[in-house]
Amino acid sequence: MKLSVIGCGYLGATHAACMADLGHDVIGIDVDPAKVQLLNDGVVPFYEPGLDEVLTRALASGRLRFTTSWDEVADFADVHFLCVGTPQKAGSYAADLRYVDGAIADLAPRLVRPSLVIGKSTVPVGTADRLAAYLLEHAPAGAEVHLAWNPEFLREGFAVQDTVSPDRLVFGIAAAEDEQTMRAVYEPVLVKNTPLVISNRPTAELVKTAANSFLATKISFINAMAEICEVAGADVAVLAEAIGHDERIGSKFLRAGIGFGGGCLPKDIRAFQARVGELGVSDALTFLHDIDEINLRRRAHVVDLARTIVGGRFVGTKVAVLGAAFKPDSDDVRDSPALDIAASVFTQGADVIVHDPKAIENARARFPNLHYSEDLDAVVADADVVLHLTEWKQYRELDPARIGSLVRGKHIIDGRLALDPALWRAAGWNYTALGRPNA
Ligand code: UDX
């Protein structure tokens with residue numbers, strides 16, 4: 001089938017490459033000519049394990065190309081996937097829909113033959129119906145242009161796997177025949193017995209926001225338990241393990257620590273609150289406000305712990321930060337808890353030096369005043385305290401004895417509960433983990 005993918009960020013670039021790899025003819029469009037050039041050259045503009053190979057393979061097959069031309073897109077494809085970003089609006093909780101609206105405004109006047117637009121971006125419920133009305137009015141093909149919603153659930157770091165083998169597909173449709181078109185697009189995925197849920201468009205939009213809200217709630221729930229464990233002398237890691245054995249609860253997304261960040265969870269729970277306010281049912285989501293607060297409190301708590309460890313003031317101290325990305329296997333620093341903590345410690349007067357295997361460039365663009373290095377030994381050298389904030393595998397493999405010989409103070413705060421306390425303590429470290437007993 002001839003597909004277009006509109007917006008070539010984490011979602012769109014992955015979707016375009018995977019769809020071409022599955023056998024479709026795909027054209028990707030992005031407003032950024034530099035990004036288009038990189039993708040056409042086979043270079044993934046961000047770090048996503050396994051995507052380079054898929055992109056290279058798809059380009060070599062001749063079934064994939066990228067452009068900045070809307071005319072080319074409208075001319076080539078009959079099915080258009082909308083994959084642009086919906087960031088948080090400045091000064092508001094609401095989602096900024098300017099890229100979604102802009103893309104539809106560019107595409108609509110060029111839709112001169114029957115076509116299907118499939119939204120994948122995360123949008124406030126009701127957006128799809130609004131866009132459908134716009135297309136009906138502005139597309140020359142009028143009622144022969146259909147709109148469906150097909151939320152994505154891809155996790156950064158597992159984007160390829162989540163695209164070609166998702167745990168479910170959701171088709172939000174308004175016309176029965178669109179199901180057949182979508183089934184044809186996803187045929188290679190559906191043959192793997194992937195569960196398929198068919199719904200109307202508002203349900204499909206809500207599935208995504210509900211899923212992310214639930215995940216955020218799970219993380220903040222265990223982080224609230226961590227707050228209690230800290231004052232009660234209990235161990236949140238053991239608590240999570242014990243409750244996770246109950247299949248109704250499940251063990252995933254119950255890892256306590258400095259909480260969730262990234263380009264999705266934080267802004268999605270805020271946009272959801274803004275939207276239900278508009279719909280007049282804000283009481284339904286008052287709990288999400290607490291979920292956000294618990295999450296942000298964990299970041300502040302690490303800063304407080306570190307300040308206490310260095311003697312009550314950061315001025316004149318050196319703080320080594322391990323990790324800048326919002327999670328391992330990603331170079332994404334959007335709303336990264338790790339970087340947020342690093343910046344806060346810096347603002348309070350410490351000399352902060354940050355290590356990350358992949359995210360330094362993005363981190364530096366966001367916080368140019370912090371120091372960065374890819375040389376881990378240089379980062380920890382003479383540090384008064386080490387903060388472990390993104391659980392990259394290489395940090396778990398560190399030798400505490402060797403690192404201990406480089407630092408000034410053998411204090412480590414494990415913000416991700418990913419290091420082995422016994423190992424670090426045996427090497428003479430004062431090891432502190434959120435929600436765990438400190439001895
Ligand atoms: C998320 C959703 O998982 C995905 O389905 C959706 O499509 C997009 O948003 P992503 O942003 O890639 O994906 O990250 P995710 O793996 O969900 O992690 C989000 C944050 O929660 C990270 O900062 C992570 O460190 C944190 N987290 C996750 C925890 O603090 N504890 C956990 O147990 C799990």
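Since we're looking at a predicted model, the values are computed, not measured. Just follow the structure's listing: the first ligand is 1, and inside any ligand the first atom is 1.
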Top protein contact for [atom], by heavy-atom distance:
| atom | answer |
| --- | --- |
| atom 17 (O) of ligand 1 | Phe253 CZ, 3.2 Å |
| atom 21 (O) of ligand 1 | Phe260 CB, 3.2 Å |
| atom 8 (C) of ligand 1 | Cys264 SG, 3.3 Å |

Numbering the atoms of ligand 1 from 1, which are under 4.0 Å from a heavy atom of [X]?
| X | result |
| --- | --- |
| Leu265 | 1 (C), 9 (O), 19 (C) |
| Lys327 | 10 (P), 12 (O), 14 (O), 15 (P), 16 (O), 25 (O) |
| Leu254 | 33 (O) |
| Gly259 | 23 (O), 26 (C), 30 (O) |
| Glu156 | 12 (O) |

Counting heavy atoms only, which of [options] is nearest [atom]?
| atom | options | answer |
| --- | --- | --- |
| atom 33 (O) of ligand 1 | Lys120, Arg298, Lys218, Arg255 | Arg255 |
| atom 11 (O) of ligand 1 | Phe326, Phe153, Tyr10 | Phe326 |
| atom 25 (O) of ligand 1 | Glu152, Arg334, Arg416 | Arg416 |
| atom 28 (C) of ligand 1 | Asn212, Asp162, Ile219 | Ile219 |

Evaluate [X] for polar contact with ligand 1, using N/O atom pairs at a separation under 3.5 Å.
| X | answer |
| --- | --- |
| Leu154 | yes |
| Leu215 | no |
| Glu391 | no |
| Arg155 | no |

Donor-acceptor contact present, side-chain [X] to main-chain [Y], <3.5 Å:
| X | Y | value |
| --- | --- | --- |
| Lys120 | Gly12 | no |
| Thr56 | Asp52 | yes |
| His355 | Val321 | no |

**Asked** So, is the end of the Arg168 side chain (NZ or CZ) under 6.0 Å from the ring centre of Phe153 and within 45° of the ring's axis?
**Response**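 Yes, Arg168 lies over the aromatic ring of Phe153.
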For Phe272, does the six-membered ring have the charged nitrogen or CZ of Arg275 within the cation-pi criterion, i.e. under 6.0 angstrom from the centroid and within 45° of the normal? no
Contacts satisfying ring-ring contact (aromatic ring centres under 6.0 Å, His included) that involve residues 186-221 (not counting sequence neighbours) are Phe171-Tyr186
ring-ring contact (aromatic ring centres under 6.0 Å, His included) contacts in which one or both residues fall within residues 228-269, not counting sequence neighbours: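 Listed once each, the pairs would be none.
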Does the residue [X] have a heavy-atom contact with ligand 1, meaning some pair of atoms that are separated by less than 4.0 Å?
| X | answer |
| --- | --- |
| Gly262 | no |
| Lys252 | no |
| Lys208 | yes |

**Study point:** Ionic contact status for Arg183 with Glu179, cut-off 4.0 Å
**Key:**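 Judged by the 4.0 Å cut-off on N to carboxylate O distance, Glu179 and Arg183 do form a salt bridge.
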message: Closer than 4.0 angstrom, basic N to acidic O: yes or no for Arg436 and Glu230?
response: no
Task: Any donor-acceptor N or O pair under 3.5 Å, side chains Thr203, Asn200 - done: yes
* Asked: Going by the angle between their ring planes, with limits at 30° and 60°, are His15 and Phe81 parallel, tilted or perpendicular?
  -> perpendicular
For the pair Phe46 and Tyr10, name the ring-plane relationship: parallel under 30°, tilted 30 to 60°, perpendicular over 60°.
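If you compare the ring of Phe46 with that of Tyr10, the planes turn out tilted.
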Contact partition for Ile258 relative to ligand 1, non-hydrogen atoms under 4.0 Å:
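For Ile258, there is no contact with ligand 1 at all, from either part.
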